[in-house]
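Start at 1 with the first residue, then count along the sequence.
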Amino acid sequence: MTLLPDPWWPTIVLAVVIAADAGMSLKPPGIIRDCLDRVRFPRDWWWTLIVIKLTAATGLVAGLWVPGVALAANVGVVAYFACAAVAHVRARFLGQSFWLNCLGLLALALVVPVVSL
């Protein structure tokens with residue numbers, strides 16, 4: 001076992017999705033602003049989400065060449081979206097953004113290591 005993703009493409013799909021999410025977070029559209037406000041995530045801390053997402057995307061890509069890095073980054077993505085799910089449940093904000101965005105991305109993050117690692 002080399003701890004390199006095989007096949008590699010699910011890891012890249014996750015990296016692209018996470019990077020796109022980070023890009024959208026630079027100037028969040030209404031759905032993202034509403035979601036973060038409804039789960040009571042402080043606006044002063046929104047920048048941290050961009051850093052976390054870009055770090056995760058970078059780790060996923062680097063993990064194509066460095067054994068174990070993609071797995072570590074993937075675990076971080078799972079933890080991120082698990083925490084987001086908990087925040088949604090605690091805030092009782094269980095609408096479309098919870099089911100499609102939060103749990104959808106959590107499901108993607110859970111499937112990638114099963115398929116690739």
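In this structure, CD1 on I52 lies 8.5 Å from CH2 on W47, to the nearest 0.5 angstrom. Atom OG1 of T55 is separated from atom CD1 of I50 by 11.5 Å, given to the nearest 0.5 angstrom.
Clustering ILVMFWY residues whenever any of their side-chain heavy atoms sit less than 4.5 angstrom apart, transitively, puts V69 in a cluster other than the one holding V51. The cluster map of Ile, Leu, Val, Met, Phe, Trp and Tyr, joined by side-chain heavy atoms under 4.5 Å apart, puts L36 and M24 in the same cluster. Residues W8 and W65 share a hydrophobic cluster, clusters being chains of Ile/Leu/Val/Met/Phe/Trp/Tyr side chains in contact below 4.5 Å. Tracing side-chain contacts under 4.5 Å through hydrophobic residues (I, L, V, M, F, W, Y), one reaches V75 starting from L3; they form part of the same cluster. Linking Ile, Leu, Val, Met, Phe, Trp and Tyr whenever their side-chain heavy atoms come within less than 4.5 Å puts F93 and I31 in one cluster.
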Check the pair L54 / I18 against side chain to side chain contact (heavy atoms under 4.5 Å, CB included), numbers first and verdict last. CA-CA 7 Å; L54 289 176; I18 297 300; over 6 Å; no
What verdict does the side chain to side chain contact (heavy atoms under 4.5 Å, CB included) test give for L64 and L4, after you've listed the backbone C-alpha separation in whole Å, the side-chain angles of each residue and the deciding distance to 0.1 Å? CA-CA 6 Å; L64 296 178; L4 291 173; over 6 Å; no
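Checked against side chain to side chain contact (heavy atoms under 4.5 Å, CB included), P42 has the following partners two or more places apart in sequence or in another chain: W45.
I12 places none of its side-chain heavy atoms less than 4.5 Å from the side chain of L60. Residues P28 and W46 have side chains in contact (heavy-atom distance under 4.5 Å, counting atoms from C-beta outward). Contact of the F41 side chain with the T48 side chain is registered, since non-hydrogen atoms from C-beta on lie closer than 4.5 Å.
Side-chain N or O atoms of S116 include one that pairs as donor or acceptor with a backbone N or O of P7 at under 3.5 Å.
Relative orientation of the F98 and H88 rings is tilted, given thresholds of 30° and 60° on the angle between their planes.
Taking every heavy atom of both residues into account, A57 and A15 meet most closely at CB-O, 3.6 Å. For the pair V112 and P10, the tightest heavy-atom approach, listed with the atom from each and the gap, is CG2-O, 3.6 Å. Closest approach of G59 to A73, counting heavy atoms only: C-CB, 3.7 Å. L14 approaches A109 most closely through the heavy-atom pair CD2-CA, 4.1 Å. Closest of all the heavy-atom pairs between R90 and R40 is O-NH2, 4.1 Å.
Of the residues L103, L105, N101, the one that meets the side chain to side chain contact (heavy atoms under 4.5 Å, CB included) test with F81 is L105.
Within the structure, side chain to side chain donor-acceptor pair (under 3.5 Å) pairs that include any residue of residues 18-37 comprise D21-K53, S25-K53, D37-R43 (at least two apart or interchain).
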